[in-house]
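Remarks on the structure that follows.
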Amino acid sequence: MGHNIILADDHGALMKPVTKTILLCVIAEIGNIISSFIVAWLKLPCFLDTIFSAAITFYAGLVPGLIVAGLFNPVMMVLRCSAAGVSYAVYDCLYAICGMLIVFATWLFSRNKREFLFSRTITVLYLLIIVLFSSFLSFFTATALDTFVQPLFHTSTGFSVFDNISGVLRQLKMGTFLSYLVPRIPLTVLDRLVSTFAAFGLYKLMVRLDNHKQMKDVEVENV
């Protein structure tokens, strides 16, 4: 391929220590939380709370990515509710399904690293496919949850940015499902575009660090 890249099989050797995998998951979780709070503080029109979930999926595979994505929403719910002094809402934890589907989409199209990294053009095309597929899974699932599942719980934390918008759209006689879906589409696509490419950038950085470490180890062995 013309440049040094650690492929999927090589990652298996690097990720053998369980402690390293656990450490990467913890770092990724903290990264998601920090990026989410930064976005909320800056009032940016996206979430950016799955960058590190996607990055660890690129790097370590499906299971670590699912663990990070699955824990994010429950952890954020506890942090936000504790900070705001409101009751915990189990329903908000269900949005973790969206994050886990994003991880699945990321893994599905990047699991074959030889094909995924065949050339820069191929990689960009795969990343765009991930953006589109993960966007669809995310906004469709979240809309279905808000439309059909949320009424069963009767409560939520109220932190969703879509509640007020969907309320206005329903006043304009738009159906419940569409009132949640329409505002989600542009925001989700923008978020997935930024997050997916940022996650790939982090993945490339981790691979470069691994390559550097391998070169150092070889130099030590040859001394």
Side-chain angles (χ1 to χ4, degrees), residues 1 5 7-8 11 28 31-32 35-36 38-40 42 44-70 72-73 76 94-149 160-162 165-166 169 174-207:
M1 282 181 282
I5 290 178
L7 300 177
H11 281 153
N32 282 340
S35 61
S36 179
I38 290 175
V39 166
L42 295 176
L44 299 177
C46 50
F47 307 109
L48 305 186
D49 55 9
T50 58
I51 293 177
F52 291 87
S53 300
I56 198 173
T57 302
F58 283 132
Y59 182 81
L62 179 62
V63 174
L66 289 175
I67 291 173
V68 173
F72 173 75
N73 287 90
M76 283 299 295
L94 296 181
Y95 287 120
I97 297 173
C98 301
M100 296 173 76
L101 288 173
I102 288 171
V103 164
F104 174 75
T106 302
W107 169 82
L108 182 65
F109 293 102
S110 68
R111 67 189 188 281
N112 185 339
K113 290 296 187 291
R114 293 186 184 276
E115 185 177 308
F116 179 63
L117 300 170
F118 181 77
S119 69
R120 183 171 298 179
T121 301
I122 293 297
T123 300
V124 170
L125 288 176
Y126 268 116
L127 290 174
L128 291 175
I129 291 172
I130 291 172
V131 168
L132 294 176
F133 188 52
S134 63
S135 295
F136 171 77
L137 292 177
S138 180
F139 64 63
F140 185 85
T141 303
T143 299
L145 286 171
D146 285 346
T147 303
F148 304 112
V149 180
S160 174
V161 297
F162 300 104
I165 299 175
S166 62
L169 293 177
M174 181 176 286
T176 302
F177 187 86
L178 286 178
S179 72
Y180 282 114
L181 178 65
V182 170
R184 264 197 173 92
I185 292 176
L187 192 61
T188 302
V189 173
L190 174 62
D191 173 74
R192 297 309 319 136
L193 182 64
V194 175
S195 297
T196 300
F197 279 84
F200 181 72
L202 286 175
Y203 160 73
K204 294 284 286 184
L205 176 61
M206 289 188 286
V207 169

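Residue indices begin at 1 and follow the sequence shown.
- No donor-acceptor distance shorter than 3.5 angstrom exists from the side chain of Thr196 to the backbone of Leu193, with no hydrogens or angles considered.
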Original post:
Could you walk me through whether Phe116 and Phe200 pass the ring pair (Phe, Tyr, Trp, His ring centres under 6.0 Å) check?
Top reply: CA-CA 11 Å; Phe116 179 63; Phe200 181 72; 5.7 Å; yes
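- Separating the CZ atom in Phe109 from the CG atom in Leu125 is a distance of 12.5 Å, to the nearest 0.5 Å.
- Evaluation of the ring pair (Phe, Tyr, Trp, His ring centres under 6.0 Å) rule for Phe177 yields Phe140 as partners, not counting sequence neighbours.
- Here the straight-line distance linking atom OH of Tyr126 with atom CZ of Phe133 works out to 13.5 Å at 0.5 Å rounding.
- Residue Asp191 holds its CG atom at 10.5 Å from CG of Leu44, rounded to the nearest 0.5 Å.
- Taken to the nearest 0.5 Å, the CG atom of Leu101 stands 4.5 Å off from the OG1 atom of Thr141.
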**OP:** Applying side chain to side chain contact (heavy atoms under 4.5 Å, CB included), run through Phe52 and Val68 and close with a yes or a no.
**Re:** CA-CA 8 Å; Phe52 291 87; Val68 173; 5.5 Å; no
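- Under a 3.5 Å cut-off, the side chain of Asp49 and the backbone N or O of Ser36 do not form any donor-acceptor pair.
- Sequence neighbours left out, not one pair with a member in residues 97-110 passes side chain to side chain donor-acceptor pair (under 3.5 Å).
- Heavy-atom minimum distance, Ala105 versus Leu137: CB-CD1, 4.1 Å.
- For the residue pair Arg184 / Ser138, no side-chain donor-acceptor distance below 3.5 Å is found, with atom types taken as modelled.
- In terms of heavy-atom proximity, Ala199 sits nearest to Ile51 at CB-O, 3.2 Å.
- Although no hydrogens or angles enter the test, the distance criterion places no donor-acceptor pair under 3.5 Å between the side chain of Arg192 and the main chain of Val189.
- From Asn32, atom CG reaches atom CG of Asn73 across 9.5 Å, with rounding to the nearest 0.5 Å.
- With Ser134 contributing its side chain and Val131 its backbone, the two residues share a donor-acceptor pair below 3.5 Å.
- Of all heavy-atom pairs spanning Leu145 and Leu94, the tightest one is CD1-O, 3.6 Å.
- Paired with Ser179 under the rule side-chain contact (heavy atoms from CB on, under 4.5 Å), one option of Ile165, Leu169, Asp146, Thr147 passes, and it is Leu169.
- Between the CD1 atom of Ile56 and the CG atom of Leu62 there is a distance of 11.5 Å, given to the nearest 0.5 Å.
- The backbone N or O of Ile122 lies less than 3.5 Å from a partner atom in the side chain of Ser119, making a donor-acceptor pair.
- What you find for Ser166 and Tyr180 is that their closest heavy atoms are OG-CE2, 3.2 Å.
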Subject >> side chain to side chain contact (heavy atoms under 4.5 Å, CB included) between Val182 and Phe139, intermediate numbers included >> reply: CA-CA 9 Å; Val182 170; Phe139 64 63; over 6 Å; no
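- Note on ring orientation: taking the six-membered ring where Trp is involved, the planes of Phe58 and Tyr203 are tilted (angle from 30° to 60°).
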